[in-house]
Number of protein chains: 2
Amino acid sequence: MKQEKLESILDTSRKMFGRYGIQKTSLHEIARMARVAKATIYNYFGSKDQIYLEVLNRESNDVIEKISVAVDQVTSPADKLRVFMHAKFRYMKEAINILNLGREGIDNLLPKTSSIRDRLFSREVNILHSILEKGVTEGIFYVSNIMLTARAIGYALRGFETTWLLEENNGEIEKHLDNLSYILCSGILVRREVV
Amino acid sequence: MKQEKLESILDTSRKMFGRYGIQKTSLHEIARMARVAKATIYNYFGSKDQIYLEVLNRESNDVIEKISVAVDQVTSPADKLRVFMHAKFRYMKEAINILNLGREGIDNLLPKTSSIRDRLFSREVNILHSILEKGVTEGIFYVSNIMLTARAIGYALRGFETTWLLEENNGEIEKHLDNLSYILCSGILVRREVV
DNA sequence: TTTTGGACTATTTTCGTTTTGCAGTCTAAA
DNA sequence: TTTAGACTGCAAAACGAAAATAGTCCAAAA
């Protein structure tokens with residue numbers, strides 16, 4: 001019984017915040033939609049902001065979880081990289097509240113939201129790091145500085161995030177991602193040497 | 001005499017807008033700082049927004065111009081790529097008003113500003129395109145789809161823009177850029193074949 | 001012919017006040 | 001534990017008055 005209420009509150013909050021934003025969603029509404037008393041919400045959460053942050057954390061965890069699962073489906077490091085990119089964009093699209101963070105101005109954000117974003121980014125980089133490491137260990141990849149490269153890829157992928165927030169053309173994005181992962185693996189220089 | 005007034009107005013506006021934003025800068029102040037009569041400003045511009053857009057256009061043109069010059073300093077396509085990245089970030093830092101566009105929320109932007117940004121992006125891609133083309137022609141690069149790749153690189157570099165808006169650590173960025181341009185050229189796969 | 005200061009208007013913005021709405025607390029009952 | 005509902009205090013609408021500002025116009029000066 002306890003867990004159900006909590007899930008109901010969080011799930012409703014996620015939808016309402018996603019549609020109307022934190023400002024324009026009242027706890028009264030959330031309580032009504034989630035079919036709990038407003039007082040119950042305060043049994044679980046200390047404040048509206050806390051609910052919002054928990055929603056963001058959950059979305060963040062979901063994204064990482066789903067990416068991890070997807071990446072684990074394939075074995076070769078090169079495949080893992082390609083799958084990582086596609087999974088990241090596929091599942092980020094479902095993390096509506098995290099995406100909305102990007103649309104709002106820097107000023108009117110809750111301070112802790114940026115640390116959630118940073119943590120998400122850092123966990124993405126961790127996954128990238130382990131993929132690169134595996135590739136290097138297996139002798140498939142040559143990477144001089146794994147950490148640096150993982151972060152570079154992470155930053156680069158951010159460039160796409162801002163783009164397809166407005167674009168809805170999914171196929172276009174997929175094409176870009178394939179191209180990018182190919183470049184990432186092979187480079188654009190004509191190969192002259194054998195290693 | 002005419003040109004001087006115009007430059008004075010635009011230069012003053014650039015600084016004021018850069019520091020206080022378009023909202024919090026009054027034409028009265030601009031006129032005073034630029035040492036012209038307010039009426040003179042209206043000899044040259046139809047509205048405050050027009051001045052702002054012209055400032056943005058100039059910053060945009062400056063960036064492209066400077067990048068082009070820098071890229072032309074070197075000859076090999078691989079060098080051009082590396083130089084492109086460094087120049088882009090170096091000179092974008094001086095385009096304060098364009099940078100500020102990124103900080104504000106999507107809503108309270110002048111509609112035409114986004115087309116200026118888009119045009120800047122598109123011109124960057126054009127430069128990248130011509131570099132890649134030269135590389136392919138010279139047999140240095142292997143690129144299956146030049147246009148797609150140019151855009152991919154352009155998008156990727158955006159990922160860094162949002163990052164170093166807050167970061168001031170210049171050296172860190174430079175390191176990332178070097179690493180990125182190396183990956184871009186060589187890929188991360190161990191080379192096995194001769195072409 | 002272009003520039004200038006200043007006067008003028010029509011909007012915005014600002015600001016102080018009032019009013020409403022909402023987050024968060026508390027309680028008694030289920 | 002959960003619930004409905006009443007309650008408080010704060011924070012944000014709502015509003016109207018006052019100030020500021022974008023943009024116009026003109027007669028004089030450069």
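No hydrogens, no waters, no symmetry mates; every other heavy atom, side chains included, goes into these values.
In this structure, the side chains of A:I22 and A:I51 stay at 4.5 Å or more apart for every pair of heavy atoms. Inter-residue side-chain proximity for A:T149 and A:H129 is flagged as unmet; no heavy-atom pair is nearer than 4.5 Å.
Distances from the side chain of B:Y42 to the nucleotides C:dT4, D:dA22, D:dA4 place D:dA22 closest. With D:dA22, C:dT4, C:dA23 as the candidates, the nucleotide lying closest to the side chain of B:S26 is D:dA22. Here the side chain of B:Y44 is nearest to one of C:dG5, C:dT3, C:dT25, namely C:dT3. When the nucleotides C:dG24, C:dT3, D:dG23 are ranked by their closest atom to the side chain of B:S47, D:dG23 comes out on top.
A:I153 is not connected to A:L148 by any chain of hydrophobic side-chain contacts under 4.5 Å among Ile, Leu, Val, Met, Phe, Trp and Tyr, and they are in different clusters.
Here B:E161 pairs with B:R117 in a salt bridge; the nearest charged N to carboxylate O distance falls below 4.0 Å. Between A:D79 and A:R82 there is a salt bridge, with a side-chain nitrogen of the basic residue lying less than 4.0 Å from a carboxylate oxygen of the acidic one. Note on B:R35 versus B:E4: no salt bridge recorded, every NZ/NE/NH1/NH2 to OD/OE distance being 4.0 Å or above.
Rounded to whole angstrom, the span from the CD1 atom of A:I41 across to the C1' atom of D:dG5 amounts to 15 Å. Note: CZ (B:R32) to P (C:dT3) measures 21 Å, nearest angstrom. Put simply, CD1 on B:I30 is 12 Å from C1' on D:dT21, counting in whole angstrom units. At whole-Å resolution of the value, CG in A:L27 and P in C:dC22 are 10 Å apart. In this structure, NE2 of B:H28 is placed 14 Å from C1' of D:dA19, rounded to the nearest angstrom. Look at CD1 on A:I9: it is 15 Å from C1' on C:dA23, rounded to the nearest Å. Distance CG (B:N43) to C1' (D:dA30): 14 Å, rounded to an integer number of Å. The distance between atom NZ of B:K5 and atom C1' of C:dT1, rounded to the nearest whole Å, is 14 Å.
For the OP1/OP2 pair of C:dT4 and a distance below 4.0 Å, the side-chain nitrogens and oxygens of B:T40 include at least one atom meeting the criterion.
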Under-3.5 Å N/O pairs linking protein and nucleotides 8-13 of chain D:
none

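Listed in residue order, the members of residues 49-59 of chain B having a heavy atom less than 4.0 Å from DNA chain D come to none.
For A:R123, the CZ atom counts as densely surrounded, since its 6.0 Å shell holds more than 12 non-hydrogen atoms of other residues, nucleotides or ligands.
In the interface, the side chain of A:K38 is paired with the base of C:dA23 through a donor and an acceptor atom under 3.5 Å apart.
Ring pair B:F89/B:F160 is perpendicular by interplanar angle, where above 60° counts as perpendicular and below 30° as parallel.
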Step-by-step side-chain contact (heavy atoms from CB on, under 4.5 Å) determination, B:I9 to B:F45: CA-CA 10 Å; B:I9 293 169; B:F45 300 96; 4.0 Å; yes
